[in-house]
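Chain letters run A, B, ... following the sequence lines, proteins first and then strands; every chain starts at 1.
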Amino acid sequence: MDSSDNCQLSTVNYQLNKTLLVILGPTGVGKTNISLRLAEHFGCPIVSSDSRQFYRELKIGTAAPTIDQLDRVKHYFIASHSIFDEYNAGQYELDAIQLLDELFLSHNVVMLVGGSMMYIDAVCNGMDNIPTVDAETRTFWQKQFAEKGLEYIQNELKRLDPKHFEELDQQNPKRILHALEICSMTGKPYSDLRTGERKQRNFNIIKVGLNRPRPELYERINTRVDEMMTEGLLKEAEQFFQYRHLNTLNTVGYKELYEYMNGNWTLDFAVNMIKQDSRRYAKRQLTWFNRDKEIYWFEPMEEEEVIEFVNNKITSK
RNA sequence: GGGCAGUUACCAAAGUGGCCAACUGGGGCUGACUGUAACUCAGCUGUCUUUCGACUUCGGAGGUUCGAAUCCUUCACUGCCCA
C-alpha cells in the first residue's frame, strides 16, 4: 500500500508539505468508493473517522469496507476495537494524532474518511482536556436522573456550574448528565475545563464534503438497508442480542432489530425504522457539517474533479 | 337497485354551531451538540409576513345563521351490509 516515495523533504518545514485530506459526508453518500480511488491515486493510507466501523463485530450494519477493499488500500481504525471496549472521541483524538505523526513520516498525504462529526473535529480541531468519566460516577448520576427526574439534575447543574447551565441545552439529559459527571469528578465547574481553543496541527487539512440531492441520498440509504438485510444483518445483530444494552450497540441498524427480537416490532417495521433512522442521521450529519465553513463541497460528486481540486490545493501550498 | 357508515392539511386521526388554521401521532423540514455522539435534545410544518397580523381552507355546489369543518339540500367518491 505504501507507494509513497516522498521523504525527500527538508526537515525544517516538512510539516507544511504534509496534508490530511478529509473526506466527509452523510451516511450512504458513497464515501468508501470514492475514497478508495483517491487513496490509490495519491498512494496514501486511509484513517477511518467512522465511530462505528471501529468495531469489528459490526460489519454489515455499518457498511464497513470489505476484505477486498481493505486489500486495495491500507486502512486504520477499521475493526480496530471491540464493542466491549470503552472508547470515545477524546481517546480517538490522541490515538489518531499519534498515528498521523507516524504515517506522515512516510507519506505526504494521508486521508481521513468518515462521517462521525465529533470524531472528525477531534482530529482537526482537538478537544479540551477533560477526563474520561469513570463507571461509578456515571452510574451515580444516571441513578439520580432515573429516580429524581430531569428537574433535579437541572438544579444540580445550576448549583455546580451555573455558567454552563445557562449555555447548554437544558432539556437534554445526556448533556446535563455529562456536565455533572465532570463537575463531580474534578471538583471544578465543567465550564472551567472548556477552553474552546482550537489546537494547531502540524499538517495541512483539506476538507472535502460529498453530498447528493436529498431524494437521491435517501434512495441510496433505503436500498443499502435492504442490501444489508440480504447480507445477513439480522444474524449479525442477533449474535449480540444479550449485549444490546451496550452503548456501542445503540446504533442505527442494530437497535431497531433488537426491538424486533424483543417482540415489540415486526421485522418489516424494524427495517423501515432502520431506513428512517439512517435518513435522520444523515440529516444530522449535514447540519453539523454545514457549520464548518472550511469544507469544500462536491455535489454531484465527481471523482476526477475531487482529484484535480486536491492536486491544485496541494501544489499551491 | 336498497340500507348504513364515511370523505378534515403529506399520511393517520380528533373536532360535530363561535374558544378552529383546526387536538394528537407519524412523516417531512430546520436547528443545537467538546468525550456514551450512528447518541441525545429543540423548533417549525395552509399561504403571505421578521413580529403584530392579514388571507384562503376541513370532498364539490347551493342554503340556513350575526357566525358553519360542525346544521339542511343536492351531487360525486369510498367502505360495509342486503339484493
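Note: the hydrophobic cluster containing L193(A) does not contain L94(A) (ILVMFWY, side chain heavy atoms under 4.5 Å, direct or indirect links).
Taking side-chain N and O atoms only, Y92(A) has no distance below 4.0 Å to OP1 or OP2 of rU36(B). A sub-4.0 Å separation between OP1 or OP2 of rC39(B) and a side-chain N or O of R52(A) is absent. OP1 or OP2 of rU34(B) has not a single side-chain nitrogen or oxygen of H178(A) nearer than 4.0 Å. Put simply, R175(A) has no side-chain N or O that comes within less than 4.0 Å of OP1 or OP2 on rA42(B). Here R138(A) reaches the OP1 or OP2 of rU36(B): one of its side-chain N or O atoms lies under 4.0 Å away.
In this pair, W265(A) and F269(A) present their aromatic rings perpendicular. The plane angle is above 60°, beyond the 30 to 60° band. The aromatic rings of H164(A) and Y190(A) stand perpendicular to each other, their planes meeting at an angle above 60°, with 30° marking the opposite boundary. Ring-plane geometry between F54(A) and H81(A) is classed as tilted, the angle between the planes lying from 30 to 60 degrees on a 0 to 90 degree scale.
Here R194(A) lies in heavy-atom contact (under 4.0 Å) with sugar-phosphate atoms only. Using a 4.0 Å heavy-atom distance criterion, Y218(A) is classed as a sugar-phosphate-only contact. Contacts of R198(A) with the nucleic acid, taken as non-hydrogen atoms under 4.0 Å apart, are absent. Contact annotation for G196(A): base contact, defined as any heavy-atom pair under 4.0 Å involving a base atom. At a threshold of 4.0 angstrom between heavy atoms, the contacts of G115(A) with the nucleic acid are absent. In this structure, T132(A) reaches the bases: a heavy-atom distance under 4.0 Å links it to at least one base atom across the strands shown. S278(A) comes within 4.0 angstrom of nothing in the nucleic acid, heavy atoms only. Residue-level contact check: Y119(A) touches the backbone only, with heavy atoms under 4.0 Å from sugar-phosphate atoms and none from bases. Nucleic acid contact class of N250(A) (heavy atoms, under 4.0 Å, all strands): sugar-phosphate only.
Nucleotide rC20(B): unpaired (no Watson-Crick or G-U wobble partner with both distances less than 3.5 Å). The base-pairing partner of rU73(B), taking Watson-Crick or G-U wobble contacts with both distances under 3.5 Å, is rA61(B). Searching all strands for a Watson-Crick or G-U wobble partner of rC52(B) with both distances below 3.5 Å returns nothing. Taking a pair to require two hydrogen-bonding distances under 3.5 Å in either a Watson-Crick or a G-U wobble arrangement, rC29(B) pairs with rG43(B). Across all strands shown, rC80(B) forms a Watson-Crick or G-U wobble pair, both distances under 3.5 Å, with rG3(B).
On the C1' atoms, rA9(B) is 12 Å away from rU47(B), given to the nearest whole Å. Nucleotides rG67(B) and rA13(B) are separated by 33 Å at their P atoms, to the nearest Å. Rounded to whole Å, the P atom of rC23(B) lies 16 Å from the corresponding atom of rG18(B). Nucleotides rU36(B) and rG46(B) place their P atoms 38 Å apart, quoted to the nearest Å. Taking the P atom of each, rU7(B) and rC72(B) are spaced 14 Å apart, rounded to whole Å. Taking atom P in both rG60(B) and rC11(B), the straight-line distance is 14 Å, to the nearest Å. Spacing between rU74(B) and rG26(B) at atom C1', rounded to whole Å, works out to 36 Å. One P atom belongs to rC44(B), the other to rU24(B), and the distance between them is 11 Å to the nearest Å.
Protein atom CE of M117(A) is 13 Å distant from nucleotide atom C1' of rC41(B), rounded to whole Å. With rounding to whole Å, D121(A) atom CG is found 13 Å from rA32(B) atom P. Taking atom CZ on R280(A) and atom C1' on rA42(B), their separation rounds to 14 Å, with Å as the unit. One interatomic measurement links the two molecules: OH of Y55(A) to P of rC39(B), which rounds to 13 Å at whole-angstrom precision. Taking atom CZ of residue R284(A) and atom C1' of nucleotide rC41(B), one finds them 10 Å apart after rounding to whole Å. Atom CD1 of I83(A) is separated from atom C1' of rU36(B) by 14 Å (rounded to the nearest Å).
Minimum atom distance to the side chain of Y190(A) is reached by rU34(B), of the listed rU40(B), rC41(B), rU34(B). Of the candidates rU34(B), rG31(B), rG28(B), the closest approach to any side-chain atom of K283(A) belongs to rG31(B). For R214(A), whose side chain is taken as the heavy atoms from C-beta onward, the closest listed nucleotide among rA42(B), rU36(B), rU30(B) is rU30(B). In the set rA32(B), rC29(B), rA42(B), the nucleotide with an atom closest to the side chain of Q171(A) is rA42(B). Here the side chain of W288(A) is nearest to one of rU34(B), rU36(B), rG31(B), namely rU34(B). Side chain of Q142(A), nearest nucleotide from rU40(B), rU36(B), rG28(B): rU36(B). Residue Y281(A) has its side chain nearest to rC39(B) when only rU34(B), rA32(B), rC39(B) are considered. For K255(A), taking side-chain heavy atoms from C-beta onward, the closest of the listed nucleotides rU36(B), rC41(B), rC39(B) is rC39(B).
Between V29(A) and R220(A) there is no side-chain heavy-atom pair separated by less than 4.5 Å. Put simply, the side chain of L58(A) reaches to within 4.5 Å of the side chain of L249(A), judged on heavy atoms.
A 6.0 Å sphere centred on NZ of K199(A) holds more than 12 heavy atoms belonging to other residues, nucleotides or ligands.
The residue among D277(A) and I130(A) whose nearest nucleotide of RNA chain B lies closer to the 5′ end is I130(A).
In this view, Y296(A) and F298(A), F309(A), K313(A) satisfy the side chain to side chain contact (heavy atoms under 4.5 Å, CB included) rule, not counting sequence neighbours.
No option in K275(A), R280(A), R279(A) other than R280(A) meets the side-chain contact (heavy atoms from CB on, under 4.5 Å) test with D277(A).
With hydrogens and angles left out, the side chain of E197(A) and the base of rU34(B) share no donor-acceptor pair within 3.5 Å.
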